[in-house]
Amino acid sequence: MSREVYDFVVIGSGFGGSIMSMVLRRLGKAVLMVEQGKHPRFAIGESSTPFANLLLEQIADDYDLPFLRDFAEWGSWQEKHPNIAVGLKRGFTFYHHEFGTELNFSDRARQLLVAASPNDRVADTHWYRPQFDECLLRKAVELGVSYLDETTVSSLVRVGDHWEIELSNQDSNCAVKAGFIIDATSANCALARHLPIEIEKFAAMPRTSSVWAHFRNVKRLDEFDRALRSDELPYPPDDAAVHHVFPGGWIWVLRFNNGITSAGAAYTEQVELSKGSAEEKWSELITRIPLLAWQFKGSEPVTPFFSANRLSFIRSEFVGPGWALLPSAAGFVDPLLSTGFALTLLGITRLAGAVSGSIVELKSFGQQTRIELDAAADLVGALYAKMDSFDEFALLALLYFAAMSYTETVWRLGKNDRAAGFLLSSEPEVSRKRAAICADARAGRRITQERIADAISAYDIAGLCDWKRDHWYPVNLNDLVQNREKVGASEVELNELFRKLKLEPLNDQSPRARMHSKMIVD
């Protein structure tokens with residue numbers, strides 16, 4: 001360590017801790033980042049979204065961290081950092097399974113394909129965390145962040161306006177002083193071991209367990225059925241976050257370009273499994289689903305199998321005098337809708353302002369984090385309740401896709417006040433309707449198209465209420481052009497937005513505007 005007194009100590013050196021540390025350095029702060037483990041290391045949480053990538057771009061611009069922009073799109077990542085593994089994510093793919101039954105890919109009632117990008121170049125990504133996190137750590141150190149790995153916080157005491165912290169590793173102990181501590185870990189929250197921060201349950205979430213690992217030699221679905229290579233599909237279904245949904249749970253499959261596939265399952269007590277090892281539970285699950293049994297036949301795990309008996313959690317406190325939890329340490333809902341990256345990056349942008357401001361701003365950060373985690377849990381809990389009724393599950397999922405496509409668009413237009421909260425949680429009427437629908441879903445009441453259309457029509461800019469699309473939703477920029485009044489934008493503003501995004505400007509009278517990805521400039 002170059003000094004013993006720091007403005008900030010950041011605990012945890014995953015992507016959240018490293019980006020938070022870099023932002024603080026750009027604000028002129030002295031920062032020490034402490035890591036219990038050592039890089040490169042496995043980390044769960046791997047799938048990005050359009051809104052998360054937008055936040056990455058904004059952090060890059062606001063804090064003069066231009067290299068972060070490279071990681072906001074598949075194309076620029078491949079061009080600028082080909083040595084860092086990454087996965088192509090064109091959208092969200094959902095298939096519904098009954099145990100022991102073959103899946104018919106021609107049955108669109110058992111699938112939901114929602115595109116997130118019009119082409120590969122501007123697509124979202126899956127982050128191969130062993131390499132990505134290590135890259136960000138090295139960038140943080142280059143910017144002057146002090147760093148200790150294989151180090152734990154053995155004690156901390158608040159003395160006046162600063163913390164006295166004792167750190168320990170295999171070789172020695174040391175003491176530092178810091179004005180503020182940020183916990184950027186996850187469920188294993190370091191501050192919770194020293195402060196009265198309890199772990200609690202989400203009221204809206206069922207108890208879920210999980211098993212996961214990384215694999216090699218996992219087959220693509222389009223090897224099983226060549227129809228999945230059709231240009232009629234919104235995007236290649238494998239090039240996405242693939243969700244295999246079954247009553248009581250689901251399995252994710254995320255492919256990286258280094259031959260590794262991330263896969264795992266999250267499930268409720270409704271799914272009865274033997275009390276074996278994590279690997280045995282995984283094998284038991286995939287043998288119940290014929291398509292997955294085929295896909296993983298001959299695959300080889302390249303990591304240990306990991307497990308969690310209780311996946312979701314929320315902390316009792318998020319902030320206090322001289323400390324705060326990033327959303328990743330404050331709570332976790334589920335991987336189902338890939339909400340983790342966006343919530344963490346939102347937390348970084350807000351906390352960067354709050355820590356240099358008043359205690360009122362810090363409390364507001366904590367309150368907003370709680371509201372948004374609860375909103376995510378509300379929707380995900382409802383989705384779990386309808387995993388045995390896929391038509392209702394698919395309708396509920398539109399609450400997420402409508403809210404997030406609207407949020408990303410208005411933020412890109414510079415109209416952030418129209419969608420200040422994640423999942424539009426800052427909009428009272430939107431939140432009221434979502435909460436009522438989700439409560440009914442958890443209570444076993446039927447969810448209808450009419451109910452969902454009423455809830456999202458005011459901010460649906462992606463044609464999600466067009467039921468003729470029959471569960472396939474490509475990116476069609478004409479949807480936005482036709483719904484520009486909902487985002488308060490003129491056609492001129494939209495065309496300027498398309499230019500910034502390297503997309504072809506549109507005219508809503510043009511026949512080409514009614515095409516989807518084929519009208520995008522490659």
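Here the structure is a predicted model, which means the values were calculated and not measured. Just the heavy atoms: all of them, side chains too, but no hydrogens, waters or symmetry mates, feed the values below.
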Inset, instruction - Kindly determine whether D120 and R90 satisfy salt bridge (Lys or Arg N to Asp or Glu O under 4.0 Å), including the steps that lead there. - result: CA-CA 7 Å; D120 289 359; R90 287 290 306 278; 3.1 Å; yes
Evaluation steps, side chain to side chain contact (heavy atoms under 4.5 Å, CB included), between L136 and W127: CA-CA 12 Å; L136 294 185; W127 298 353; over 6 Å; no
Problem - F71 vs S48, side chain to side chain contact (heavy atoms under 4.5 Å, CB included): CA-CA, chis, key distance, verdict - result: CA-CA 10 Å; F71 299 109; S48 190; over 6 Å; no
Evaluate the criterion side chain to side chain contact (heavy atoms under 4.5 Å, CB included) for residue pair E450 and D454; output intermediate values, then yes/no.
-> CA-CA 6 Å; E450 293 75 17; D454 174 69; over 6 Å; no
- I would like to know whether D239 and R220 meet salt bridge (Lys or Arg N to Asp or Glu O under 4.0 Å); could you show each step before the answer? CA-CA 9 Å; D239 298 336; R220 289 178 61 93; 3.1 Å; yes
Margin query: Assess the residue pair F256 and S262 against the criterion (side chain to side chain contact (heavy atoms under 4.5 Å, CB included)); give the C-alpha distance rounded to whole Å, side-chain angles, the decisive distance to 0.1 Å, and a yes or no.
Written below: CA-CA 8 Å; F256 300 106; S262 173; 3.8 Å; yes
Kindly indicate, with the supporting measurements, whether the criterion salt bridge (Lys or Arg N to Asp or Glu O under 4.0 Å) is fulfilled by E57 and R412.
CA-CA 10 Å; E57 293 173 9; R412 288 198 178 277; 3.0 Å; yes
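Ring-centre distance between H243 and F94: below the 6.0 Å cut-off. Between F401 and Y473, a ring centre-to-centre spacing not shorter than 6.0 Å is recorded. Separation of the F15 and F132 ring centroids does not fall under the 6.0 Å cut-off.
In this structure, T369 OG1 and I314 CD1 are separated by 9.5 Å, a value rounded to the nearest 0.5 Å. Residue F332 holds its CZ atom at 10.5 Å from CG of L373, rounded to the nearest 0.5 Å. Rounding to the nearest 0.5 angstrom, the gap separating the CG atom in L423 from the OG1 atom in T339 is 8.0 Å. We find the CD1-OG distance between I447 and S389 to be 9.5 Å, quoted to the nearest 0.5 Å. Here the straight-line distance linking atom CG of L398 with atom CG of L112 works out to 6.5 Å at 0.5 Å rounding. Distance OG/S21 to CD1/I182: 7.5 Å, rounded to 0.5 Å.
Side-chain atoms of R110 and N104, non-hydrogen and from C-beta on, never get closer than 4.5 Å to each other. Between L285 and V271 the shortest side-chain heavy-atom distance falls below 4.5 Å. In this structure, the side chains of L399 and I456 come closer than 4.5 Å at one or more pairs of heavy atoms. Counting only heavy atoms from C-beta outward, the side chains of V487 and Y406 approach each other to under 4.5 Å. The side-chain heavy atoms of N309 and R207, taken from C-beta on, include a pair separated by under 4.5 Å. I289 places none of its side-chain heavy atoms less than 4.5 Å from the side chain of F296. Side-chain contact check for H471 versus L113: every heavy-atom pair is 4.5 Å or farther apart. With a 4.5 Å cut-off on side-chain heavy atoms, T49 and L337 do not count as touching.
With D222 contributing its side chain and L228 its backbone, the two residues share no donor-acceptor pair below 3.5 Å. Proximity of a side-chain donor or acceptor of K219 to a complementary backbone N or O of F224 within less than 3.5 Å is not detected.
When all heavy atoms of A263 and F215 are compared, the pair lying nearest together is CB-CE1, 3.8 Å. Closest heavy-atom contact between F318 and G366: CD1-O, 3.3 Å. Closest heavy-atom contact between D124 and P50: OD2-CD, 2.9 Å. Shown here for T185 and A190, the closest heavy-atom pair between the two residues is OG1-N, 3.8 Å. Residues C465 and D460 share a closest heavy-atom pair of N-OD2, 2.9 Å. Minimum heavy-atom separation, G248 to M387: N-CB, 3.9 Å.
Salt-bridge formation is not detected for the pair R315/D183: no Lys NZ or Arg NE/NH1/NH2 atom is positioned less than 4.0 Å from an Asp or Glu carboxylate oxygen.
E223 CD: more than 12 foreign heavy atoms inside a 6.0 Å radius. Within 6.0 Å of atom CD in E317, 12 or fewer heavy atoms from other residues, nucleotides or ligands are found, so the atom counts as exposed in its surroundings. Residue E429 qualifies as enclosed at atom CD: its count of foreign heavy atoms under 6.0 Å is above 12. Within a 6.0 Å sphere centred on NZ of K38, heavy atoms belonging to other residues, nucleotides or ligands number 12 at most.
Inspection of the T93 and Y235 side chains reveals an N or O donor paired with an N or O acceptor under 3.5 Å. Side-chain contact, R193 with N188: a donor N or O sits under 3.5 Å from an acceptor N or O. Counted by atom type alone, K89 and S47 present one or more donor-acceptor pairs between their side chains at under 3.5 Å. A donor and an acceptor atom, one from each side chain of E98 and T101, are nowhere located under 3.5 Å apart. In the model, E46 has a side-chain atom that pairs as donor or acceptor with a side-chain atom of H214 under 3.5 Å. For the residue pair S274 and E284, a side-chain donor N or O sits within less than 3.5 Å of a side-chain acceptor on the partner.
Cation-pi geometry between R350 and F365 is not met: the NZ or CZ atom fails to fall both under 6.0 Å from the ring centre and inside 45° of the normal.
Between F393 and F390, the ring planes are parallel. Angles under 30° get that label, and only those over 60° would be called perpendicular.
Partner of W250 under the side-chain hydrogen bond (donor to acceptor under 3.5 Å, both in side chains) criterion, chosen from Y95, Y384, Y267: Y384.
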